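Each remark here refers to the structure printed beneath this line.
These numbers were taken from a predicted model, which means no experiment stands behind them. In what follows, chains are A, B, ... by sequence order, proteins preceding strands, each numbered from 1.
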Amino acid sequence: MLQVANIRENKQLVLDGLAKRNKDFSITVDEILQIDETRRKTQKQLDDLLAEANVLSKEIGDLFKSGNKEAAEPKKLRTTEIKEETKKIEVTLAELEEQQKQLLYLIPNVPHKDVVFGKTADENVEVYKWGEIPSLSEVKKPHWDIAAEYQLIDFELGVKITGAGFPVYSGAGARLQRALINFFLDEAQKAGYTEFIPPHVVNEDSGYGTGQLPDKEGQMYYIGADDLYLIPTAEVPLTNLYRDVILKEEELPIKMTGYTPCFRREAGSYGKDVRGLNRLHQFDKVEIVQLAHPSESYAILENMVDHVKGLLQKLELPFRIIRLCGGDMGFTSAMTYDFEVFSAAQERWLEVSSTSNFETFQANRLKCRFKGSDGKTQLVHTLNGSALALPRIVASLLENHQTAEGIRIPKALIPYTGFEFIRKK
RNA sequence: GGAAGGGUGGGUGAGUGGCUGAAACCAACAGUUUGCUAAACUGUCGUACUGGGUAACUGGUACCGGGGGUUCGAAUCCCCCCCCUUCCGCCA
């Protein structure tokens, strides 16, 4: 959520930035500013009345003490009057605040100045490319066929016990999952991230804190009986660890990592786009999260991008990094890099990581601040990235590394799997 | 799930209707002094909204788990909810 004060003071900058999202927010912004003005006037009016009542109350107290009860009576009357008035004003003020908040929820983050204008994914900017696209032999199988053939993942069984989008991993397939998770966590730890095992279920406040609520309510699984949500990503519990916290400047940056399963209801999309591991309701992911000083958040974003880059290189997967254009960027992000791995059998790029700087957009809702050396508190910048999401990594590993001998395990992963090839049973 | 007790500033912890935005102590920060990795002393030391001021700063309001109520006036009384602790029950 944007800060009203920021919109008020830098209206044109905000509007120009938002324009990159290929949407006009000027009407909403104007409405917010209009409400803001009324809100502040109302606030002042209320405060003045309360101040008067406070003075009177004190006087009444003094008069009572000196036994002069009659003299207190008119003052009592006035405070009663004031009270009736303030009650009305308080209601108005609460309404204004609510209206303003609802409108603010509609405004996405302002893209960073380097983010280009764009309508769709076609206008994203490729900033890096690595690896050879393997020229597979005549037998070029998509991962769902490989998964079945090698008995790694059983989609049908998942349907039986839960439903579509909940695969069952078994044998070497399960082992591969666990190997990847451990590999990613170890790499994150080496890079200085502290590992957390957070709850996989969060409350409403946490959902609002990172911005999944209210915008993406339908995306999360909701447990009505306890009013809790299944996490769609570890970003939610990890970032919320610092909700309502004021850090010391020297504590920054905070670097966190965690593995969690992720749950997404995701409606829509059909056909081969969602086949196999391409789109699931439950999947595993290792997330990296940082809370950063505003002056260094973009350097940190680059750093996180490098980290993810390293992971993909160690997994020997051809990939590209693209910087999203305004129109393709998520609601809460100020700048996002997507990582896409080329899946040789499906012959398409699969998104495996999204690494973003949210600047103060999340921090404002989270109320995560730090006290600077000048003694002032200001909002931190929050960043996060998938490092990495498993399913599409597994898909591309299976597809890109398929050989006549079996599925070749990249060198870096062998210590974790304990085998060099996945062979047919 | 049952019973009892409790939730106050970074921490410990006073405070049962006005003198309390909140004692005291600890921690932290700044300074002074003395000097061997420290002590003593002095000062500062919550957050949000809002008015005035370029700013330094300064005025006001709100907040003592959350929400409502009583009262001229509430951290303090009443009601609802949440959470924590202990005991019992259940259980991996």
Task: Under-4.0 Å side-chain N/O to phosphate OP1/OP2 contact, A/Lys58 with B/C72 - done: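 Negative; the distance criterion is not met.
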Open item on the list: Quick check on B/A48: is either OP1 or OP2 less than 4.0 Å from any side-chain nitrogen or oxygen of A/Arg369?
Closed with: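 Checking A/Arg369 against B/A48: at least one side-chain N or O falls below 4.0 Å of OP1 or OP2.
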What's the gap between [N] and [M] when it is taken at their [atom1] atoms, as a whole Å value?
| N | M | atom1 | answer |
| --- | --- | --- | --- |
| B/C91 | B/C79 | P | 36 Å |
| B/G73 | B/G53 | C1' | 34 Å |
| B/A14 | B/G9 | P | 13 Å |
| B/C26 | B/A39 | P | 12 Å |
| B/C80 | B/G10 | C1' | 31 Å |

Open item on the list: Need one value for A/Asn54: base, sugar-phosphate or nothing, where a base atom within 4.0 Å counts as base even if backbone is also close, heavy atoms only.
Closed with: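 Sugar-phosphate contact only.
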Open item on the list: What's A/Ile246 touching, base or sugar-phosphate or nothing? Going by heavy atoms closer than 4.0 Å.
Closed with: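 Here A/Ile246 touches the backbone only, sparing every base.
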- [ ] For A/Asp30, enumerate each residue passing the salt bridge (charged side-chain N to carboxylate O under 4.0 Å, His left out) test, keeping only those at least two apart in sequence or located in another chain.
- [x]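 A/Lys11.
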TODO: List in chain and number order the residues that pass salt bridge (charged side-chain N to carboxylate O under 4.0 Å, His left out) with A/Asp154, two or more places apart in sequence or in another chain; answer none if no residue qualifies.
DONE: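 If we apply the salt bridge (charged side-chain N to carboxylate O under 4.0 Å, His left out) test to A/Asp154, skipping adjacent residues, there are no hits.
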Would you please name every residue forming a side chain to side chain donor-acceptor pair (under 3.5 Å) with [X], sequence neighbours left out?
| X | result |
| --- | --- |
| A/Thr38 | none |
| A/Glu123 | none |
| A/Asp284 | A/Gln177, A/Tyr259 |

Open item on the list: Angle between ring planes, A/Phe331 versus A/Phe361, binned at 30° and 60°: parallel, tilted or perpendicular?
Closed with: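 Aromatic pair A/Phe331/A/Phe361 classed perpendicular.
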Name the atoms and distances for all side-chain donor-acceptor pairs under 3.5 Å in residues 193-201 of chain A, with sequence neighbours left out.
{"unit_1": "A/Tyr193", "atom_1": "OH", "unit_2": "A/Gln290", "atom_2": "NE2", "d": "3.0"}
{"unit_1": "A/Glu195", "atom_1": "OE1", "unit_2": "A/Gln189", "atom_2": "NE2", "d": "2.9"}

TODO: Side-chain contact test, heavy atoms from C-beta onward, threshold under 4.5 Å: evaluate it for A/Thr355 versus A/His307 and give yes or no.
DONE: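 They are not in contact (no side-chain heavy atoms under 4.5 Å apart), so the answer is no.
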Open item on the list: Going by side-chain contact (heavy atoms from CB on, under 4.5 Å), name the residues that satisfy it together with A/Asn54, two or more places apart in sequence or in a different chain.
Closed with: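 side-chain contact (heavy atoms from CB on, under 4.5 Å) list for A/Asn54, sorted by chain: empty.
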Extract from the structure each pairing of a protein N or O with an N or O of nucleotides 73-77 of chain B at less than 3.5 Å, listing the distance.
{"unit_1": "B/G73", "atom_1": "O4'", "unit_2": "A/Ser57", "atom_2": "OG", "d": "3.4"}

Open item on the list: Using a 4.0 Å cut-off on heavy atoms, which residues in residues 38-52 of chain A reach RNA chain B? List them by number, or say none.
Closed with: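 Per residue number, the list reads A/Arg39, A/Arg40, A/Gln43, A/Lys44, A/Asp47, A/Leu50, A/Ala51.
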Review item, nucleotides 53-56 of chain B N/O atoms under 3.5 Å of protein N/O:
{"unit_1": "B/A56", "atom_1": "OP1", "unit_2": "A/Lys376", "atom_2": "NZ", "d": "3.4"}

Listed pairs under 3.5 Å, donor-acceptor, residues 69-77 of chain A side chains, sequence neighbours left out:
{"unit_1": "A/Lys75", "atom_1": "NZ", "unit_2": "A/Glu59", "atom_2": "OE1", "d": "2.8"}

Identify every side-chain donor-acceptor pair in residues 157-168 of chain A under 3.5 Å, counting partners at least two apart or on other chains, and give the distances.
none

- [ ] Assign each of A/Lys75 and A/Asp62 to its nearest nucleotide of RNA chain B by heavy atoms, then name whichever residue's nucleotide is nearer the 5' end.
- [x]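 Result of the comparison: A/Asp62.
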